[in-house]
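Let me begin by presenting the structure, written as structure tokens, before commenting on it.
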There are 2 protein chains.
Amino acid sequence: MTTAFRNWQAVQQEVLRRIHAREWAPGDLIPNEADLASEFGCARATVNRALRAVAEAGLLDRKRKAGTRVALQPVARATLSIAVIRQEVEEKGARYGYALLERSMTRPPAPVRAALNTADATLLHIRALHFADGAPYALEDRWINPQGAPGVLDQPFETTSANEWLLEHTPYTRGDIALSAQSATVAEARDLGCDAGAALFALTRNTWNGPVAVTRVRLLFAPGHSMQADL
Amino acid sequence: MTTAFRNWQAVQQEVLRRIHAREWAPGDLIPNEADLASEFGCARATVNRALRAVAEAGLLDRKRKAGTRVALQPVARATLSIAVIRQEVEEKGARYGYALLERSMTRPPAPVRAALNTADATLLHIRALHFADGAPYALEDRWINPQGAPGVLDQPFETTSANEWLLEHTPYTRGDIALSAQSATVAEARDLGCDAGAALFALTRNTWNGPVAVTRVRLLFAPGHSMQADL
DNA sequence: AAGTGGTCTAGACCACGTC
DNA sequence: ACGTGGTCTAGACCACTTT
């Protein structure tokens, strides 16, 4: 006799067990929801909830009519949590500091124009440093579209970072992120207090609110920085 | 009169609209599920589904009894999809290539032992190169615990990468990932065909199957590599 | 103690994709 | 055409927290 699986977490655990134990091997078609429900002694909605969760984790492929199959090559999905830099620093138990380096209205260089699709508009350009315990932590290079961030031109950003202000005052509907590595230029090395040519972790992020570009920011982290995530 | 919101996606969209329009401002307590259900003209379960989805995206904080609040600082969550390297290369439209550099049973250095918590066991050490259109794409440095990957010792890994074999044959229950930037050592530069000291994007990943370590891998990507994700 | 979200149920209908 | 997952409903009970 099988124990009854009364809640969706229990069903999920049993499904995961069968996958890991290869009772359901990669590529296999598993029983449909109705059959599993009667086997597990619960409602179909409960099985659905469990299978949906496992599918979202990438271990199952579900298709109407075709049924549910164990994923052949489970694509690992790591979820990065990207918080405000001040939070990130303080969560590491360090004292946060901030300094504005530059604030101007400028026509951005071609790559920025292309990424934001803002043609030849003049954007607010902010360069700033974030510190952890007095040491440079990250160098922020940001372009803000005043059209997409009402009120931004009234902000001096001398004590509060654009990073923080935008998150609280400017909604966005979509965005993308790119992570990469790059060598520190002489200027960047000076700002970050490292050697020129040092390997830096870079995060570039664009956000939009509907069709209108809000901001593009490139964060260069001091050498040794790493981002963690769980699978 | 309000239009009826008949499905959870429509409810979700309306909730997002209210958050973005600041009708529900950060920190605000929003109406409870029952009230929203009657306002939207749908069942409470439908509202629940929608609110749960928004909360999973980080825009709402939900607590029993305390109610649902708009998140003060929505933590951006970027989901990285980490596929098999061969897939990754082929999806870019390039021809994939693979070469084994080293295969041995060795006692790993301290950092690896510590990360995997394998005490002084002897592990399988694999070093290999992945190519895209003939050019080095990524350098793989991997340690495999034979205890966690039955059958791995029978694999030569001369034509099929450990990356691929493990994903298909070895289940895991948890893992972690770290992303960072580092300078190429002389040896790494030789393998990757770049200059020593070049900034490389590094991905280090540990996986376990329950309490037993399965593998630890460090992937060093050729200069210029970036990882993309959406928000 | 009471209010809120979390979940389960049984049944129903629908949408999609394969056959 | 038809089988499968996707979703909705109405009602119910439970679990967690705050009051």
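Numbers restart at 1 for each chain; the letters A, B, ... are given by sequence-line order, proteins then strands. Computed from a predicted structure; not experimentally measured.
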Mind calculating the distance between CG (A:Asn48) and C1' (C:dG11) to the nearest angstrom? 15 Å
Rounded to the Å, how far apart are A:Asn7 CG and D:dC13 P? 18 Å
Whole Å only: how far is the CG atom of A:Asp61 from the P atom of C:dC16? 19 Å
Without decimals, in angstroms, what is the distance between A:Asn32 CG and C:dG17 C1'? 16 Å
Which residue, A:Arg44 or A:Gln9, contacts DNA chain C at a nucleotide closer to its 5' end, judged by nearest heavy atom? A:Gln9
5' precedence on DNA chain C between A:Arg64 and A:Trp8 (nearest-nucleotide basis): A:Trp8
Rounded to the nearest 0.5 angstrom, the OG1-CD distance for B:Thr160 and B:Gln155 is 7.5 Å
Of the listed nucleotides C:dT18, C:dT7, C:dG6, the one nearest the side chain of B:Arg62: C:dG6
Picking from A:Leu60, A:Val15, A:Asp61, what satisfies side-chain contact (heavy atoms from CB on, under 4.5 Å) with A:Val70? A:Leu60
Which nucleotide in the set D:dG5, C:dG6, C:dG3 lies at the smallest distance from any side-chain heavy atom of B:Lys65? C:dG3
Within less than 4.0 Å of OP1 or OP2 of D:dT7, is there a side-chain N or O belonging to B:Thr46? no
Interatomic distance where CD belongs to B:Gln12 and P belongs to D:dG6 [whole Å]: 16 Å
Under the 6.0 Å and 45° cation-pi test, does B:Arg174 pair with B:Trp208? yes
Does the side chain of B:Ser226 come within less than 4.5 Å of A:Leu179's, by heavy atoms? no
Between A:Gly67 and A:Ala45, which is nearer to the 5' end of DNA chain D once each is assigned its nearest nucleotide? A:Gly67
Whole angstrom is fine here: how far is it from CG in B:Leu51 over to P in C:dG6? 9 Å
Partner of B:Arg142 under side-chain contact (heavy atoms from CB on, under 4.5 Å), chosen from B:Leu124, B:Leu123, B:Leu166: B:Leu166
Is B:Thr68 close enough to C:dT4 that one of its side-chain N or O atoms is under 4.0 Å from OP1 or OP2 there? no
Over how many whole Å does the gap from B:Glu33 atom CD to C:dC8 atom P extend? 14 Å
Figure out the CG/C1' separation between A:Leu36 and D:dT4, and round it to whole Å. 13 Å
